[in-house]
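If you're wondering where the values come from, they're calculated on a predicted model, not measured in any experiment. Throughout, a chain's letter reflects where its sequence line sits, starting with A, and its residues are numbered from 1.
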Amino acid sequence: MLLQEFTNKLKTEICQNINNAFSDVEDISPDAIQFSAPPNSDMGDYAIACFPFAKALKKAPVAIATDIAANFTPSSLVSKMQAVGPYINVFINKTLFSEVVCRTVMKEEKDYGRGEKKNKTVMIEYSSPNTNKPLHLGHLRNNILGMAIANILDFYGYEVIKVNLVNDRGIHICKSMLAYEKWGNGETPESCGEKGDHFVGKYYVLFDNKLEEEKQQCAKDQKIDLEKLATEIGDLKKQVRNCKDAAQKKELRKKLKDTEKSVEDFNNDFLSNSKLYGDALAMLKKWENNDAEVRALWKKMNAWVMDGFHETYGKLGCEFDKFYFESDTFSLGKKHVEEGAQKGVFAKHDDNSIWVSGESLKKQDSKTFKKFSPKDKLLLRADGTSVYITQDIGTTILKHKDKELDQCLFVVGEEQELHFKTLFSILGILDFSWWEKCRHISYGMVNLPEGKLKSRKGTRVDADELVKEMEQRVVDIITANEKIDIEEDQIANVAEDIALAALKLFLLNISREKALLFDPHKAISSDSGDSAGKSGAIAFTGDTGPYIQYGYARICGIFRNANATATTEVDYAILHSKEEQAVLQKVADFPQAVANAAENDSPHFITTYLLDLTKLLFKFYGVHQVISDDEETKQARLLLCKVVAQVIHNGMKLLGMNVPERM
RNA sequence: AGGGGAGUAGCUCAAUCGGAUAGAGCAACGGUUUUCUAAACCGUAGGUUGUGGGUUCGAGUCCCGCCUUCCCUGCCA
């Protein structure tokens, strides 16, 4: 008997017991049985709350529980049912349960926890980088989350297509191109030994610095003190917040708005007169007109960046079945927008720009836009050049042309929620029946103690550097600890596995939609043993990836030392202790954790599951000796360890983490 | 101003469909190594779940108000 069958049988049996106790009313179906865990394991293996039955059975929950317990007849599965208040606590046959769990895991191995084939295809877009700068911590959250969700959906039984939409076109790309052209002196990543994405990113920052210089000069010439205005705005915001008097508040608001307007006006004025920005725009125009020289530079620099990205993806274990490039898809979007204007579902203004009205967005998706009316949205500029949403229209249409999809997912940060609501509604307006199968998988921002991550300012945490630093810390820990027995040439590999697991679990272990706080100062000095280090944002002890890996490595160590293998032909009655049963219960829960993660697009169900499992493993480990003089005991416990190792392996794989055998 | 999140222990976070005494980790304090790796284990302490109402057998969870905070409301991406 396998686990699934056991659970079904258990529910049926319990159901029969309930129905026997209440023969005069309509039967309860096994699906209505909801297992939960009693507050502690002495009270039983499963708990069933009787509140939901109260209506059908026309009795108080407490009375229902007592009646069920009174009418209970023991079976091979269930040994006891005990009423405690409105709860029924179920004691199961531990020997049988242990055997069922162990045999199931040992039989299914890598497939333990796998969901049934759904015969449905899901496309998941994630990463979606801009090719003008290297990846930072915010991108890491996206990449690691996206990859984990893709793995989980695949394991749950979907056919999953992982795609990356590369934002390789637009004014931001031209900025780094222009800076390189002006100040690059023909350098290449090779010539200065830099990773391609970092190399290009340098010029993106350079452009921004030069533009800022120009702006400061311009402000000085016009005798405008931008700094003063900024502090003024800050002060006004504070005053507005603290102001109690309504009339005064209104006045302050007006003043604030005026000040903000003056800054905005200055900025707009500056940009439209800026030589540097004008050059970038001119370059964009040239790009759109297929200027050979600009296109050649664009190709060269994009290739550098993509080389760098591929290296980082390889390191992180991010994989893609297909790359879409905005430069290939924006014209398809343009075409559909123009057709929409022709059909009359979009509005063409006198200046030839094309718009979708807020009204029609609302009409198309009245559920999403129930509580507010969106503003009209520009789809194509007057000069015919496309905006951000234009290419997404094209890309999404192309995705559905390439493959018939049952779900089309976008792993993108929460700041783009309105963008995707608008996009999906537009696709509906364009009469694509699949528009409702599109879903934005939104996730929270990554923040530093000082605020937002900003690529152009100094406040960024570079992805490559972060990983490198963490690896070095692990190497230091390994070298400092004499007890760790790893071949010299393996240290780098193991350090990489551990550093990445620490990073990934840190990013995946909080709810997807929640913002994430990262304190780099605490993270970096974490191996020196000082107290500041121990509170590090990405630690290697406690609830971490390495903790789970350590549990796995310890099990490997046991098998290695005992030169043993596991067999399912053991005396399952040995595994009766509280600790052993807790572990096996947890092992049995793995398929449910996978289902929860898949159905909510939330890997954190897996991370919390694995941490719980590992804690129970160590708890067991602390109380019971695996390699014991008694051969029967040894065999049974070895099997238990083997089963746990298998589940850790399966779960960690879903999260994109390796499990080293020594650490 | 409007729309959407969030607010739980000193810090970072959990908490199945609304269910039994709100849990972990870190930080603090105390203990564990001649026994399978101390990246571990055990113990102590730490809470009016932002706030005020409501719904009911029962609310961190659902509804309404308020406070705080983040995001969005670009011819940026």
Can you find an N or O donor on one side and an acceptor on the other, under 3.5 Å apart, linking the side chain of A:Asn89 with the base of B:A20? yes
Phosphate OP1/OP2 of B:C36: any A:Lys634 side-chain N/O under 4.0 Å: no
Nucleotide paired to B:G74 in any strand shown, Watson-Crick or G-U, under 3.5 Å: none
Could you check whether any side-chain N or O of A:Asn447 sits under 3.5 Å from a backbone N or O of A:Leu517, counting only pairs where one atom can act as donor and the other as acceptor? no
Hey, are A:Glu288 and A:Arg169 close enough for a salt bridge, meaning a charged N less than 4.0 Å from a carboxylate O? yes
Strictly below 4.0 Å: does A:Ser511 bring a side-chain N or O up to OP1 or OP2 of B:A14? yes
Please name the nucleotide paired to B:G58 by Watson-Crick or G-U wobble geometry with both distances under 3.5 Å, or report none. none
Would you indicate, yes or no, if B:A24 has its OP1 or OP2 atom less than 4.0 angstrom from a side-chain nitrogen or oxygen of A:His604? no
Below 4.0 angstrom, N of the basic side chain to O of the carboxylate: do A:Arg637 and A:Glu580 qualify? yes
Between P on B:U8 and CD1 on A:Ile510, what's the gap in Å once rounded to a whole number? 13 Å
B:A14: pairing nucleotide in any strand, Watson-Crick or G-U under 3.5 angstrom: none
Quick one: look up who B:U69 pairs with, Watson-Crick or G-U, both distances under 3.5 Å, and put none if it's unpaired. B:G5
Looking only at atom C1', what distance separates B:C36 and B:A20, rounded to whole Å? 38 Å
Nucleotide N/O of nucleotides 71-76 of chain B paired with protein N/O under 3.5 Å:
residue: B:G74; atom: OP1; partner: A:Lys375; partner atom: NZ; Å: 3.2
residue: B:G74; atom: OP2; partner: A:Lys375; partner atom: NZ; Å: 2.7
residue: B:C76; atom: OP2; partner: A:Arg381; partner atom: NH2; Å: 3.0

Scan A:Ile478 against the nucleic acid and name what it touches under 4.0 Å (heavy atoms): base, sugar-phosphate only, or nothing. base
Take the protein atom CD1 of A:Ile548 and the nucleotide atom P of B:G25, then report the distance between them rounded to whole Å. 13 Å
Which donor-acceptor pairs under 3.5 Å do side chains of residues 553-566 of chain A form with protein atoms, sequence neighbours excluded?
residue: A:Arg554; atom: NE; partner: A:Tyr621; partner atom: OH; Å: 3.3
residue: A:Arg554; atom: NH1; partner: A:Tyr550; partner atom: OH; Å: 2.7
residue: A:Arg554; atom: NH2; partner: A:Tyr621; partner atom: OH; Å: 2.4
residue: A:Arg560; atom: NH1; partner: A:Glu661; partner atom: O; Å: 3.4
residue: A:Asn561; atom: ND2; partner: A:Gly557; partner atom: O; Å: 3.1

Once you apply the 3.5 Å cut-off to both distances, tell me the Watson-Crick or G-U wobble partner of B:A28, or none. B:U44
Does the separation of the ring centres of A:Tyr388 and A:His419 fall below 6.0 angstrom? yes
P-based separation of B:U44 from B:A6 [nearest Å]: 34 Å
At what distance, to the nearest 0.5 angstrom, does CD1 of A:Ile393 lie from CG of A:Leu380? 9.0 Å
With sugar-phosphate meaning primed atoms plus P, OP1 and OP2, does A:Leu611 contact a base, only sugar-phosphate, or nothing at under 4.0 Å between heavy atoms? nothing
Between P on B:A77 and NE2 on A:His136, what's the gap in Å once rounded to a whole number? 17 Å
Got a salt bridge between A:Asp383 and A:Lys285, using NZ or NE/NH1/NH2 to carboxylate O under 4.0 Å? yes
If you measure from the P atom in B:G54 to the same atom in B:G7, how many Å do you get, rounded? 23 Å
To the nearest Å, give me how far apart CG (A:Asn142) and C1' (B:A77) are. 14 Å
Which listed nucleotide (B:G7, B:A77, B:A39) is nearest to the side chain of A:Phe540? B:A39
